[in-house]
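All heavy atoms count here, side chains included; hydrogens, waters and symmetry mates do not. Just so it is clear, the model here is predicted, and its values are computed rather than measured.
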Amino acid sequence: MVRRNLGQSTRSIYMGLASISLTLHILMAFFCLSVLQSACILPTSSSSTSSSVPRIDPVSHASSSSSASSSSNKQQTNHQHGERQKPNVGTFDHKGNGSFNEDTEKEKKLIGAGKMIANERGRSKLKELFKHSLYNLPRPELQQYDWLLRLKTDAEAEETESEEKTKGDPITSGSDWQSTSEEEGYDKVTWTREKETHPPWLRFHLGISRWELYDRKDLNLAQLTHYLATQRILGAVQKKGGTQLKLLVSFPNYGQALLKPMRQSRDAETDVNLFYFSDFERHNAEIAAFHLDRVMGFNRIPPVVGRLINVTKDIRETTTDERLSRTFFTSPAGNVCFYGQCEYYCSTEHPVCGRPDVLEVSLATMLPDLSLAPRRSWRSPWRRSYSRTKLAQWEKDPAYCDTVKTTPPYNRGTRLVDLIDMAVLDFLMSNMDRHHYETFEDFGNETFLLHLDNGRAFGRHSQDEPSILAPLAQCCRIRRSTLLRLRLLSHPDFRLSDVMRESLAQDPLTAMAPLLSEPHLSALNRRLETVLGVVQTCQDRNEDVVYNDLDQYDYQQLEDNP
């Protein structure tokens with residue numbers, strides 16, 4: 001009887017253990033099934049390219065941060081439910097001439113959406129950027145009248161020679177220009193109509209066209225900047241005009257450059273109590289502005305390069321400017337200093353000093369002499385009042401642009417979008433000092449604007465000045481090519497701060513310290529997003545926003561030319 005009870009107890013224990021084992025196996029099966037099901041969920045469109053470059057959506061890329069946050073939360077929710085994400089192409093579907101709904105696919109191809117760029121270590125973002133189709137837009141063939149300067153043909157040279165003989169004026173043999181000023185320190189050179197005989201600064205002058213100051217692909221650009229950074233300085237005089245000290249320096253091959261000295265360290269921010277018109281001019285701002293203008297694809301700032309000079313040998317001992325020479329002195333620290341004569345910061349309290357002789361400067365290539373290529377100065381419609389108490393009209397009237405649009409030369413052609421290009425550039429580098437701009441008279445109103453005098457840029461990185469964008473915000477008009485480049489530069493593969501850092505690294509002064517500090521580079525990205533946000537706001541409220549300057553181009557050809 002006892003044995004029978006023991007047998008039943010044993011069987012019960014065995015059955016219990018078997019039930020527990022079966023339950024565990026069932027639970028294990030359910031767990032494995034859920035894991036396998038999760039592993040089979042198709043990734044979203046954004047995560048599917050996580051190992052390569054994210055794609056650009058040219059329509060929705062410029063949305064506000066709140067929209068981006070909402071979209072991100074929605075994607076996260078859908079991913080948790082296993083839904084496959086679809087490209088949100090129609091998020092901002094605006095109608096009208098300024099919309100992107102009709103040409104979305106073309107512009108996706110133009111920007112490069114869907115093309116994968118290998119994230120190789122050491123890959124040059126700057127080189128990839130300049131290979132992009134948006135930086136290689138085909139231009140119509142330039143005609144003879146599209147060049148600012150040109151060399152005479154043989155027939156014209158013979159005609160000129162004949163006229164000079166008739167007048168009895170001395171002439172040189174053939175078409176040569178020969179220097180006899182070697183004893184004055186200038187090189188003895190012979191220039192002909194052959195390009196190879198011209199110094200870099202002359203080749204730069206001869207390369208100026210109706211649409212840009214220089215061709216980015218021209219090898220002479222590197223030769224010119226190298227020349228500015230290395231050639232012996234033959235003379236230095238103070239340049240007349242302007243509010244702050246700048247010098248005009250001469251080189252042995254008759255070239256000249258505009259010199260701006262180092263005033264403060266790279267990291268120094270403009271005092272918040274200073275008005276924009278009394279701020280220091282910065283040598284590194286001139287250099288950075290040239291690089292930013294080139295990265296934006298404008299090519300409207302003359303080449304600028306940084307250089308270390310010897311204040312005594314390169315300026316004090318070479319100057320023929322008596323007013324300048326009288327301002328030299330040796331500081332209590334033993335440094336050679338000078339201050340010149342100008343409206344702001346030209347005093348013993350604001351000297352320019354070497355350490356003890358070495359000084360950082362920027363050297364900007366001079367434009368052709370006004371006697372050869374006269375320029376016209378235009379007062380900017382969005383000029384500030386330059387008063388401590390008064391506001392300009394555009395600061396008080398939100399509809400100010402309506403008047404500008406009906407005023408020549410802004411009522412036709414590209415002048416208005418040219419001005420807005422300049423406003424975007426100024427906002428990115430926080431330049432409030434754009435009271436005038438210039439154009440070459442020979443080209444009339446059908447030409448680009450010169451982006452000159454950028455020394456007051458990059459003063460503050462910790463705050464932005466939205467009023468600089470008033471032309472864009474009030475007129476709601478922008479070039480299509482400019483907008484697409486801005487969107488491209490907001491893409492992680494071509495981030496503006498990264499390509500600017502790489503571009504500025506080519507300047508000789510980078511060996512001393514980065515020309516722009518990291519906070520300034522980060523500010524470029526932040527301001528770029530602000531510009532795109534303003535454009536998006538305009539598109540939400542208006543139809544005719546984008547000025548289409550790409551209609552004449554073959555989109556397929558642009559896509560095949562990366």
*Taking atom CG of L258 and atom NZ of K239, what is their separation to the nearest 0.5 Å?*
6.5 Å
*Pick one: which of L450, L213, D293 meets side chain to side chain contact (heavy atoms under 4.5 Å, CB included) with I301?*
D293
*Is a side-chain N or O of D507 found less than 3.5 angstrom from the main chain of G306, in a donor-acceptor match?*
yes
*Can you run down the ring-ring contact (aromatic ring centres under 6.0 Å, His included) pairs that involve residues 205-224, sequence neighbours left out, and say none if there aren't any?*
W201-H205
*For the residue pair L234 and R232, establish whether any side-chain heavy-atom pair is separated by less than 4.5 Å.*
yes
*In Å, rounded to the nearest 0.5 Å, how long is the span from CG of D314 to CG of L359?*
10.0 Å
*List the steps, then state whether side chain to side chain contact (heavy atoms under 4.5 Å, CB included) holds for C475 with W382.*
CA-CA 12 Å; C475 298; W382 282 270; 3.5 Å; yes
_Looking at N284 and L515, would you say the former's side chain and the latter's main chain have a donor-acceptor pair under 3.5 Å?_
yes
_Using a 6.0 Å distance limit plus a 45 degree cone around the ring axis, check whether R216 lies over the aromatic ring of F130._
yes
_So does E141 get a backbone contact from the side chain of Q143, meaning a donor-acceptor N/O pair under 3.5 Å?_
yes
_If you define the side chain from C-beta out and look only at heavy atoms, does anything of E212 sit under 4.5 Å from S209?_
yes
*Does the side chain of T403 reach to within under 4.5 Å of the side chain of Y410, using non-hydrogen atoms?*
no
*Is a side-chain donor or acceptor of T225 paired with a backbone partner of L221 at a separation under 3.5 angstrom?*
yes
_Side chains of V352 and V311 in contact at under 4.5 Å (non-hydrogen atoms)_ = no
_Heavy-atom side-chain proximity of L324 to L247 below 4.5 angstrom_ = yes
_Interatomic spacing from CE in M429 to CG in L516 - rounded to 0.5 Å_ = 11.0 Å
*From the options Q264, R263, K260, select the one residue that forms a side-chain hydrogen bond (donor to acceptor under 3.5 Å, both in side chains) with E281.*
K260
*Min side-chain heavy-atom separation R307-L259 under 4.5 Å*: no
*If you measure only the distance, is there a donor-acceptor pair under 3.5 Å linking the side chains of R384 and S467?*
yes
*Give a yes or no on whether a salt bridge exists between D402 and K405, defined as a side-chain N under 4.0 angstrom from a carboxylate O.*
no
*L452 and P302, any side-chain heavy atoms less than 4.5 Å apart*: yes
*Residue from R282, R383, R456 passing salt bridge (charged side-chain N to carboxylate O under 4.0 Å, His left out) with D433*: R456
_H520: which residues meet the side-chain hydrogen bond (donor to acceptor under 3.5 Å, both in side chains) condition with it, sequence neighbours left out?_
none
Throw together a table of side-chain donor-acceptor distances under 3.5 angstrom for residues 364-376, partners on residues two or more places apart or in other chains.
residue, atom, partner, partner atom, Å
T365, OG1, P303, O, 3.0
D369, OD2, S371, N, 2.9
D369, OD2, S371, OG, 2.5
R375, NE, E438, OE1, 2.5

*With rounding to the nearest 0.5 Å, note down the distance linking OG in S250 to CD in Q231.*
12.5 Å
*asked:* For N454, is there any backbone N or O sitting under 3.5 Å from a side-chain donor or acceptor partner on N431?
replied: no
*asked:* Could you check whether K125 pairs with E502 (Lys NZ or Arg NE/NH1/NH2 to Asp/Glu carboxylate O, under 4.0 Å)?
replied: no
*In Å, rounded to the nearest 0.5 Å, how long is the span from NE2 of H198 to CG of N253?*
12.5 Å
*Name all residues meeting the side-chain hydrogen bond (donor to acceptor under 3.5 Å, both in side chains) criterion together with E360; count only those two or more places apart in sequence or in a different chain, and write none if there are none.*
R266, H283
*Verify salt bridge (charged side-chain N to carboxylate O under 4.0 Å, His left out) between D421 and R300, making sure each step is shown before the conclusion.*
CA-CA 11 Å; D421 279 349; R300 300 166 193 170; 3.4 Å; yes
*Please confirm whether the backbone N or O of P200 pairs with a side-chain atom of N220, one donor and one acceptor, at under 3.5 Å?*
yes
_ring-ring contact (aromatic ring centres under 6.0 Å, His included) involving Y227 - partner list, sequence neighbours excluded_ = F251
*Any chance you could measure Q539, atom CD, to L532, atom CG, to the nearest 0.5 Å?*
10.0 Å
*Is the side chain of R480 donor-acceptor paired with the backbone N or O of N548 at a distance under 3.5 Å, no angle test?*
no
*Tell me, with the steps shown, if R477 and D544 meet salt bridge (charged side-chain N to carboxylate O under 4.0 Å, His left out).*
CA-CA 7 Å; R477 196 77 168 140; D544 191 12; 2.6 Å; yes
*Going by the angle between their ring planes, with limits at 30° and 60°, are Y254 and Y186 parallel, tilted or perpendicular?*
parallel
*Quick one: does R210's side chain have a donor or acceptor within less than 3.5 Å of a partner on F443's backbone?*
yes
_Residue list, side-chain hydrogen bond (donor to acceptor under 3.5 Å, both in side chains) with N445, at least two apart or on another chain_ = R415
*If you count the non-hydrogen atoms of other residues, nucleotides and ligands that lie under 6.0 Å from NZ in K240, is the total more than 12?*
no
*Where the side chain of D321 meets the backbone of Q238, is there a donor-acceptor pair that is under 3.5 Å apart?*
yes
*asked:* When you measure from the side chain of S503 to the backbone of M500, do you find a donor-acceptor pair of N or O atoms at a distance under 3.5 Å?
replied: no
*asked:* Counting C-beta onward and ignoring hydrogens, is there a side-chain heavy-atom pair between W147 and L206 closer than 4.5 Å?
replied: no
